[in-house]
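Structure first, commentary second.
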Amino acid sequence: MDRAGEPEPMLGALLRVPFQAISARILADLHGAGYADLRPSHLTVFQHLAFDGSRVTELAERAQMTKQSMGALVDHLVAGGYVERVADPVDGRARIVRRTERGMLVERSARASIAALEAEWATALGADRLTECRALLVELAELLDR
């Protein structure tokens, strides 16, 4: 409890705030770079899309959403030229979603946006503290992935 008697914010809420700030910054920068048709939900696809591509079912599972909802997001990204569906080399009946060249440009723009934001946070918090925060989050992610 803090001094006012109110409970401290829960960890999930504290993690949500920087995540939302990152998403908002990426989207604003992408819109500024000419990708105005992208919406916050589309970032979920890029976030969970493996470098060499993923099945829609895998994307949906990683994003904790239905296959139908993920399929609709992928359809929009296909129509915009960001991703494509190709035959799965392991199972010809299945389809793999992978980035197109336009999708790779979005990926590079998003990474540049994140780097700029992290540099701002390093200035505000101190580079050592941000490095420590990142190391703790990496450790936590590895623990949870086991």
Side-chain angles (χ1 to χ4, degrees), residues 7-146:
E8 292 184 13
M10 290 188 277
L11 185 57
L14 292 171
L15 291 170
R16 184 189 72 242
V17 173
F19 174 77
Q20 288 175 329
I22 291 168
S23 295
R25 174 66 170 269
I26 291 169
L27 198 61
D29 289 349
L30 288 174
H31 286 175
Y35 305 107
D37 58 330
L38 294 177
R39 300 286 170 255
S41 55
H42 296 126
L43 299 181
T44 303
V45 178
F46 287 107
Q47 178 186 6
H48 296 288
L49 187 58
F51 181 75
D52 56 348
S54 303
R55 292 182 182 184
V56 170
T57 52
E58 295 167 337
L59 291 170
E61 184 178 309
R62 290 180 198 137
Q64 298 179 333
M65 60 193 306
T66 66
K67 181 181 169 186
Q68 293 77 13
S69 295
M70 180 57 73
L73 292 173
V74 169
D75 288 344
H76 185 270
L77 293 174
V78 168
Y82 298 102
V83 299
E84 61 186 353
R85 286 186 173 99
V86 298
D88 184 335
V90 176
D91 179 357
R93 299 170 296 162
R95 308 288 284 167
I96 297 288
V97 177
R98 67 179 184 195
R99 291 171 190 83
T100 61
E101 184 57 38
R102 181 174 168 92
M104 294 300 280
L105 291 172
V106 165
E107 179 82 15
R108 285 193 283 278
S109 292
R111 288 185 178 277
S113 180
I114 293 167
L117 185 59
E118 286 182 9
E120 293 169 18
W121 289 357
T123 299
L125 297 173
D128 290 344
R129 291 177 69 207
L130 187 61
T131 298
E132 182 180 354
C133 179
R134 174 187 288 282
L136 289 170
L137 289 171
V138 166
E139 188 176 336
L140 181 59
E142 289 171 351
L143 176 72
L144 296 173
D145 279 344
R146 286 188 224 137

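The figures that follow rest on heavy atoms only: side chains count, while hydrogens, waters and symmetry mates do not. Along the sequence shown, the residues carry numbers beginning at 1. All values reported here derive from a predicted model rather than from experimental measurement.
- By the neighbour-count criterion of 12 heavy atoms within 6.0 Å, atom CD of Glu61 is sparsely surrounded, having that number or fewer from other residues, nucleotides or ligands.
- Arg102 places a side-chain N or O within 3.5 Å of a backbone atom of Gly80 that can act as its donor or acceptor partner.
- Between Tyr82 and Phe46, the ring planes lie perpendicular to each other; the angle is over 60°, past the 30° to 60° tilted range.
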Solution key, residues 130-142 side-chain donor-acceptor pairs under 3.5 Å, sequence neighbours excluded:
residue : atom : partner : partner atom : Å
Thr131  : OG1  : Ala127  : O            : 2.9
Arg134  : NH2  : Glu118  : OE1          : 2.6
Arg134  : NH2  : Glu118  : OE2          : 2.7

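- When atom types are taken as modelled, the side chain of His31 and the backbone of Arg39 share no donor-acceptor pair closer than 3.5 angstrom.
- Using a 4.5 Å cut-off on side-chain heavy atoms (C-beta onward), Asp52 and Arg98 make no contact.
- Under the rule for a ring pair (Phe, Tyr, Trp, His ring centres under 6.0 Å), His48 has no partner lying at least two apart in sequence or in another chain.
- Here Gln20 contributes atom CD and Ile22 contributes atom CD1; the two are 10.5 Å apart, rounded to the nearest 0.5 Å.
- Counted within 6.0 Å of CG on Asp128, heavy atoms from surrounding residues, nucleotides or ligands total 12 or fewer; the atom is thus considered open.
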Taking it one step at a time, do Leu43 and Leu30 satisfy side-chain contact (heavy atoms from CB on, under 4.5 Å)? CA-CA 10 Å; Leu43 299 181; Leu30 288 174; 4.0 Å; yes
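- Interatomic distance, OH of Tyr35 versus CD1 of Ile26, reported as 13.5 Å (0.5 Å rounding).
- Across all non-hydrogen atoms, the minimal contact from Thr100 to Val83 is CG2-C, 3.6 Å.
- Under the salt bridge (Lys or Arg N to Asp or Glu O under 4.0 Å) criterion, Asp88 pairs with Arg55, sequence neighbours left out.
- Residues Thr66 and Ala60 approach most closely at O-CB, 3.7 Å, considering heavy atoms.
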Evaluate side-chain contact (heavy atoms from CB on, under 4.5 Å) for Val45 paired with His76, printing each intermediate quantity in order. CA-CA 11 Å; Val45 178; His76 185 270; over 6 Å; no
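- Classification of Glu101 and Arg108 as a salt-bridged pair holds, one side-chain N sitting under 4.0 Å from a carboxylate O.
- Side-chain N or O atoms of Ser23 include one that pairs as donor or acceptor with a backbone N or O of Phe19 at under 3.5 Å.
- Here the closest heavy-atom approach between residue Leu117 and residue Ala21 is recorded as CD2-O, 4.2 Å.
- Residue Thr44 comes nearest to Ala63 through the heavy atom pair CG2-CB, 3.4 Å, listed as atom of the first residue, atom of the second, then distance.
- The two residues Leu15 and Pro18 have their closest heavy-atom pair at O-CD, 3.3 Å.
- A heavy-atom distance below 4.5 Å is not found between the side chains of Leu77 and Arg99.
- For the pair Arg62 and Ala50, the tightest heavy-atom approach, listed with the atom from each and the gap, is NH1-N, 4.1 Å.
- Considering only heavy atoms from C-beta on, Met65 comes within 4.5 Å of Leu73 through its side chain.
- With contacts defined as side-chain heavy-atom distances shorter than 4.5 Å, the pair Arg95/Val56 does not qualify.
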